[in-house]
K.L.:
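Following this message is one structure expressed as structure tokens.
Side-chain atoms are counted along with the backbone in the values below, which use heavy atoms only and exclude waters and symmetry mates.
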Amino acid sequence: QVQLVESGGGLVQAGGSLRLSCAASGRTFSRYVMGWFRQAPGKEREFVAAIRWSGGSTYTADSVKGRFTISRDNAKNTVYMQMSSLKPEDTAVYYCAAGETIVVVSLPAEYDYWGQGTQVTVSS
């Protein structure tokens, strides 16, 4: 049983920083792509960033490029997303996702497993 557990969300002022964590368990993730998505009220789920567990190639949405950084810790089976220079429009529930055979990393439908989400609220 694959489990993805996010943590690290919270309330922060604009310009502040947060680090999200996604702890993965249940299988070997060496061939997986790990992604972060977000969903604001009334909006569709939006790709934020992704990383290939093997090799560490990263992909980042233009909307957060230069502000958000995705990384992984193989020993801890954990993926992180460091978020800096946060803006009110970054407010959303952030989800961690995992998929094994992914062609387009930005498409939610390509991912097999999802965490429960963690709320990030950025006040102005």
K.L.:
How far apart are the closest heavy atoms of D73 and Y80, and which atoms are they?
P.N.:
CB-CE1, 3.8 Å
K.L.:
Could you pull out the closest heavy-atom pair between W36 and C22, with the gap in Å?
P.N.:
CZ2-CB, 3.6 Å
K.L.:
According to a hydrophobic-cluster definition based on side-chain heavy atoms being under 4.5 Å apart (Ile, Leu, Val, Met, Phe, Trp, Tyr only), do V33 and L20 belong together?
P.N.:
no
K.L.:
Just checking, any donor-acceptor pair under 3.5 angstrom between side chains of E89 and T91?
P.N.:
no
K.L.:
Which atoms form the tightest heavy-atom contact between E110 and I102, and what is the distance?
P.N.:
OE1-CA, 3.3 Å
K.L.:
Give me the atom names and distance for the closest heavy-atom approach of S21 to T78.
P.N.:
CB-CG2, 4.2 Å
K.L.:
Going through the checks in order, is the side chain to side chain contact (heavy atoms under 4.5 Å, CB included) test met by S17 and Q82?
P.N.:
CA-CA 7 Å; S17 300; Q82 179 67 46; 3.9 Å; yes
K.L.:
Would you please classify the geometry between the F68 ring and the Y94 ring as parallel, tilted or perpendicular, with 30° and 60° separating the classes?
P.N.:
tilted
K.L.:
One pair to check against side chain to side chain contact (heavy atoms under 4.5 Å, CB included): I70 and V79. What are the steps and the verdict?
P.N.:
CA-CA 7 Å; I70 189 170; V79 175; 3.9 Å; yes
K.L.:
Check this for me, if you would: do K87 and D90 make a salt bridge, where the nitrogen-to-carboxylate-oxygen distance has to be below 4.0 angstrom?
P.N.:
no
K.L.:
With a 4.5 Å heavy-atom cut-off, do M34 and C96 have their side chains touching?
P.N.:
yes
K.L.:
Quick one: are K65 and S63 in side-chain contact, heavy atoms under 4.5 Å?
P.N.:
no
K.L.:
Heavy atoms only: give me the nearest Y95-G117 pair and the separation to one decimal.
P.N.:
CD2-CA, 3.6 Å
K.L.:
Is it true that, when you exclude Q3 itself, more than 12 heavy atoms of the residues, nucleotides or ligands shown sit nearer than 6.0 Å to its CD?
P.N.:
no
K.L.:
Are side-chain heavy atoms of L18 and L86 found at a separation under 4.5 Å?
P.N.:
yes
K.L.:
Side chains of residues 44-58: which donor-acceptor partners sit under 3.5 Å, not counting sequence neighbours?
P.N.:
residue: R45; atom: NE; partner: Q39; partner atom: OE1; Å: 3.2
residue: R45; atom: NH2; partner: Q39; partner atom: OE1; Å: 3.2
residue: E46; atom: OE1; partner: R38; partner atom: NE; Å: 2.8
residue: R52; atom: NE; partner: Y59; partner atom: OH; Å: 2.8
residue: W53; atom: NE1; partner: N74; partner atom: OD1; Å: 3.1

K.L.:
Are W114 and Y32 co-members of a hydrophobic cluster defined by side-chain heavy atoms under 4.5 Å apart?
P.N.:
no
K.L.:
Testing the basics here: between Y111 and G99, what is the closest heavy-atom pair and its distance to 0.1 Å?
P.N.:
CD2-N, 3.8 Å
K.L.:
Quick one: does any side-chain atom of E6 pair with a main-chain N or O of Q116 as donor and acceptor, under 3.5 Å?
P.N.:
yes
